[in-house]
Colleague: 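To start, I am sharing the structure in question, which I have written as structure tokens.
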Amino acid sequence: MPRRNLKLGAVLMGVGGPGQHDTWLSPEIPGDASVDIRWYIARAQQAEAAKFDHVFIVDSQFITPDSPHHYLNRLEPLTLLSAVAVHTSHIGLVGTLTTSYNDPFNVARRLASLDLISGGRAGWNVVATGDGGTAGNYGRAEHYDYATRYGRALEHVRVVQGLWDSYEDGAFPRDKQGGVFFDRSRQHALDHRGEHFSVAGPLNIQRSPQGQPVIFQAGDSDEGRDLGAGIADAIFTHAQTVEQGRAFATDIRARAAAQGRDPENVLIVPGISLIIGDTDEQAREKERQSLAGKDFHRALKELGRPFGWHDFTQYDLDAPFPEVGHLGALSFKTQAEQITRLARENGFTLRQTVQHSLESRRSPFVGSALTVANEIQRWYEAGAFDGINVTVTVPSEFALFTDRVLPILRERGVVRREYEATTLRGNLGLPIPENVHTAARRAEPDLVRGRA
């Protein structure tokens, strides 16, 4: 298979996510950007003009007063993306939906609807909810344990994929002259009975031009990596070095191959932050000012999220990091373990742990347009990623990337010049999944011949 071009995603973050404590103060960002559909449409159109593959909407369904600004007040992803769909024509529309607190039939129907509305541009970011407090919003006394969350996630996705195959192509001839609207032989019930779900089906909506929505997934634990390798078309991750990125990609592809998948059809698309200036020195100064503007107290509060929003303000900042790693068991377990291990191995106090969390957000992609283009190309050619997801807040900062960095990468052939398809799968270079019932129908003559 020929090497794909670098893929481009834009993570639309409104008034600012984790660590972006003062982003909302920019005069370019409306104070209500996270709930203003006009802001999202404008950013999606800005990304589409730059030939981005997709926009990406993150989500969660539990907040505290200390949650990042964008998390406190934001639009539901599929409602948002349906509005964006009718104001764009090529860019993919990827939304986050949890498998922990949604039923498969409803997810399948909502995503299939977005896929048809957009002409085959929908994507699903699959998450097994980490915020344990979400349980209380859905009538549960306690959040699902880790093994249940991931077992439920795998079954949930398989059920949704089965529902998306309810109708074969040609199920609706809509032949007015012959009076035939529907071919019953091409409709298929699912009749799923599993550990977590029982779903009869069929789904009441046909497949889109891309067959099924593209599946994205993020997760760095063994369970998360296995899930991504088994079900994802593209994996959202983070890496601080080329070596980390390459190791992650190698591991995911090995896991995918072990599960019988073509590893080349699993794209690695990490989230990255960009700081671009007229010169390298100016960009580093912008980074310095950004880090200086981080709110230590907010960072201390946000540190509690992986630990089930544990309140770290109750501890002495200059005492050793408290023994609270177990609190991540029903939350973001892997992240809580990583933070606890880092503090223990380095002998960090709580203050030093928070400070490290702020410093660790330094981006490898800081400098002039040429420097940033060179670094992106270096990571890409080293196999550290197949694409990037760029966080978008301040429009003029995003324009520094689209107007200065991308032309360099296009001239070098790293990024395509024009869209190659009208569907998200087409632009990502991913195959259309064959309908399982169509495949079985095609195989029937061969079976008959074999019996003969």
Colleague: Is there a donor-acceptor pair closer than 3.5 Å between any side-chain N or O of R149 and the backbone N or O of Y144?
Modeller: no
Colleague: Would you say the side chains of T134 and N137 form a donor-acceptor pair under 3.5 Å?
Modeller: no
Colleague: So, E281 and R284, do they make that salt bridge, N to O below 4.0 Å?
Modeller: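 Yes, this pair counts.
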Colleague: What's the separation between atom CG in L78 and atom OG in S113, rounded to the nearest 0.5 Å?
Modeller: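 Going from the CG atom of L78 to the OG atom of S113 covers 9.0 Å.
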Colleague: With a 3.5 Å cut-off and no angle check, do the side chains of S34 and N73 form a donor-acceptor pair?
Modeller: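 There is no such pair between these side chains.
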Colleague: For Y71, does the six-membered ring have the charged nitrogen or CZ of R74 within the cation-pi criterion, i.e. under 6.0 angstrom from the centroid and within 45° of the normal?
Modeller: yes
Colleague: Any salt bridge linking E76 with R110? Criterion: basic side-chain nitrogen under 4.0 Å from a carboxylate oxygen.
Modeller: yes
Colleague: Are the charged groups of D318 and R351 less than 4.0 angstrom apart, N to O?
Modeller: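 Between R351 and D318 there is a salt bridge, with a charged N closer than 4.0 Å to a carboxylate O.
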Colleague: Can you tell me how far CG of D115 sits from CG of L81, rounded to the nearest 0.5 angstrom?
Modeller: 11.5 Å
Colleague: Where the side chain of H310 meets the backbone of G328, is there a donor-acceptor pair that is under 3.5 Å apart?
Modeller: no
Colleague: Do other residues, nucleotides or ligands put more than 12 heavy atoms under 6.0 Å from R38 CZ?
Modeller: no
Colleague: Considering only NZ, NE, NH1 and NH2 on the basic side and carboxylate oxygens on the acidic side, decide whether D278 and K286 come within less than 4.0 Å.
Modeller: no
Colleague: Report the relative orientation of the aromatic rings in F52 and F401; use parallel for angles under 30°, tilted for 30 to 60°, perpendicular for over 60°.
Modeller: perpendicular
Colleague: Over 60° means perpendicular and under 30° means parallel, so tell me whether F307 and F321 are parallel, tilted or perpendicular.
Modeller: tilted
Colleague: Answer with yes or no whether the side chains of Q20 and T393 bring together a donor and an acceptor at under 3.5 Å.
Modeller: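 No, because no side-chain N or O of T393 sits under 3.5 Å from a partner of the opposite role on Q20.
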Colleague: Check the side chains of T96 and N125 for a donor-acceptor pair under 3.5 angstrom, ignoring hydrogens and angles.
Modeller: yes
Colleague: Distance-only, no hydrogens or angles: does the D32 side chain make a donor-acceptor pair with backbone N or O of V35 under 3.5 Å?
Modeller: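 Such a contact is absent between D32 side chain and V35 backbone.
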Colleague: Say whether, by atom type as modelled, one donor and one acceptor occur between the side chain of R425 and the main chain of P213 under 3.5 angstrom.
Modeller: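 Judged by distance alone, yes, a pair lies under 3.5 Å.
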Colleague: Between the main-chain N or O of G133 and the side-chain N or O of D131, is there a donor-acceptor pair closer than 3.5 Å?
Modeller: no
Colleague: Quick one: pull up CG in L430 and CG in L267 and give me the separation to the nearest 0.5 Å.
Modeller: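 Rounded to the nearest 0.5 Å, the CG-CG separation comes to 5.0 Å.
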Colleague: Examine Y101 together with F62 and report whether their ring centres are nearer than 6.0 Å.
Modeller: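 No - the distance between ring centres of Y101 and F62 does not fall below the 6.0 Å cut-off.
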Colleague: Given side-chain hydrogen bond (donor to acceptor under 3.5 Å, both in side chains), test T129 with T98 step by step and report yes or no.
Modeller: CA-CA 6 Å; T129 292; T98 173; 2.5 Å; yes
Colleague: For E302, is there an ion pair with R305 - N to carboxylate O distance below 4.0 angstrom?
Modeller: no
Colleague: Please report the interatomic distance OG1(T334) to OH(Y146), rounded to the nearest 0.5 Å.
Modeller: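 Reported to 0.5 Å precision, the distance equals 3.5 Å.
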Colleague: Less than 4.0 Å between a side-chain N and a carboxylate O, is that true for D251 and R255?
Modeller: yes
Colleague: Give, for atom CD of Q212 and atom CG of L163, the distance between the pair rounded to the nearest 0.5 Å.
Modeller: 10.0 Å
Colleague: For a side chain to side chain contact (heavy atoms under 4.5 Å, CB included) with I408, tell me which candidate from R410, R404, R412 qualifies.
Modeller: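 When side chain to side chain contact (heavy atoms under 4.5 Å, CB included) is applied between I408 and each of R410, R404, R412, only R412 qualifies.
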Colleague: Quick one: do F248 and D220 satisfy side chain to side chain contact (heavy atoms under 4.5 Å, CB included)? Show the steps, please.
Modeller: CA-CA 9 Å; F248 180 85; D220 198 32; 3.6 Å; yes
Colleague: Sub-3.5 Å donor-acceptor pair from the side chain of R43 to the main-chain atoms of M13, do we have one?
Modeller: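 Between the backbone of M13 and the side chain of R43 there is no qualifying donor-acceptor contact (under 3.5 Å).
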Colleague: Hey, could you give me each pair passing side-chain hydrogen bond (donor to acceptor under 3.5 Å, both in side chains) that has a residue in residues 81-95? Not counting sequence neighbours.
Modeller: T88-R121
Colleague: Applying ring pair (Phe, Tyr, Trp, His ring centres under 6.0 Å) as the test, list every pair that has at least one member in residues 259-288; sequence neighbours left out.
Modeller: none
Colleague: Does E155 come within less than 4.0 Å of R158, counting only side-chain N to carboxylate O?
Modeller: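 Salt bridge between E155 and R158, a charged N being under 4.0 Å from a carboxylate O: no.
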Colleague: Could you walk me through whether N374 and T371 satisfy the side-chain hydrogen bond (donor to acceptor under 3.5 Å, both in side chains) test, starting with their C-alpha distance in whole Å, then the side-chain angles of each, then the deciding distance to 0.1 Å, before giving a yes or no?
Modeller: CA-CA 5 Å; N374 286 343; T371 295; 5.6 Å; no
Colleague: Under the side chain to side chain contact (heavy atoms under 4.5 Å, CB included) rule, what do V242 and R378 come out as? Steps first, then yes or no, please.
Modeller: CA-CA 8 Å; V242 168; R378 183 173 77 89; 3.7 Å; yes
Colleague: Check this for me: R109, atom CZ, are more than 12 non-hydrogen atoms of other residues, nucleotides or ligands nearer than 6.0 Å?
Modeller: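 12 or below, so no.
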Colleague: Do the numbers put R344 on top of the ring of F348, so that NZ or CZ is under 6.0 Å from the six-membered ring centre and no more than 45° off the axis?
Modeller: no
Colleague: Which residue pairs pass the ring pair (Phe, Tyr, Trp, His ring centres under 6.0 Å) test when at least one of the two sits in residues 253-276, sequence neighbours left out?
Modeller: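 Not a single pair qualifies under ring pair (Phe, Tyr, Trp, His ring centres under 6.0 Å).
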Colleague: Checking side chain to side chain contact (heavy atoms under 4.5 Å, CB included) for the pair Q338/K333: CA distance, chi angles, key distance, verdict?
Modeller: CA-CA 9 Å; Q338 289 172 343; K333 177 183 174 185; over 6 Å; no
Colleague: Salt-bridge test for D386 and R4: reply yes if a basic N is under 4.0 Å from a carboxylate O, no otherwise.
Modeller: no
Colleague: Keeping the roles fixed (side chain from T391, backbone from V11), state whether a donor-acceptor pair exists under 3.5 Å.
Modeller: no
Colleague: CD1/I215 to CG/D233 distance, rounded to the nearest 0.5 angstrom?
Modeller: 6.0 Å
Colleague: Ring centres of F312 and H297 under 6.0 Å apart?
Modeller: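 Here the rings of H297 and F312 have centres that are no less than 6.0 Å from each other.
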Colleague: Decide yes or no for L317 and F296: does some side-chain heavy atom of the first lie under 4.5 Å from some side-chain heavy atom of the second?
Modeller: yes
Colleague: Among F236, F216, Y419, W124, exactly one meets ring-ring contact (aromatic ring centres under 6.0 Å, His included) together with H54. Which residue is that?
Modeller: F216
Colleague: Would a distance-only check, ignoring hydrogens and angles, find a side-chain to backbone donor-acceptor pair under 3.5 Å from Q244 to Q240?
Modeller: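 Confirmed, Q244 side chain pairs with Q240 backbone.
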Colleague: For the side chain to side chain contact (heavy atoms under 4.5 Å, CB included) test, which of T340, I339, L327 pairs with P306?
Modeller: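 Result: among T340, I339, L327, I339 is the only option passing the side chain to side chain contact (heavy atoms under 4.5 Å, CB included) with P306.
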Colleague: Keeping D53 on the side-chain end and L8 on the backbone end, is there a donor-acceptor pair under 3.5 Å?
Modeller: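 Yes, because the side chain of D53 sits within donor-acceptor range (under 3.5 Å) of the backbone of L8.
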Colleague: Mark yes or no for whether R207, through its side chain, and A112, through its backbone, hold a donor-acceptor pair below 3.5 Å.
Modeller: no
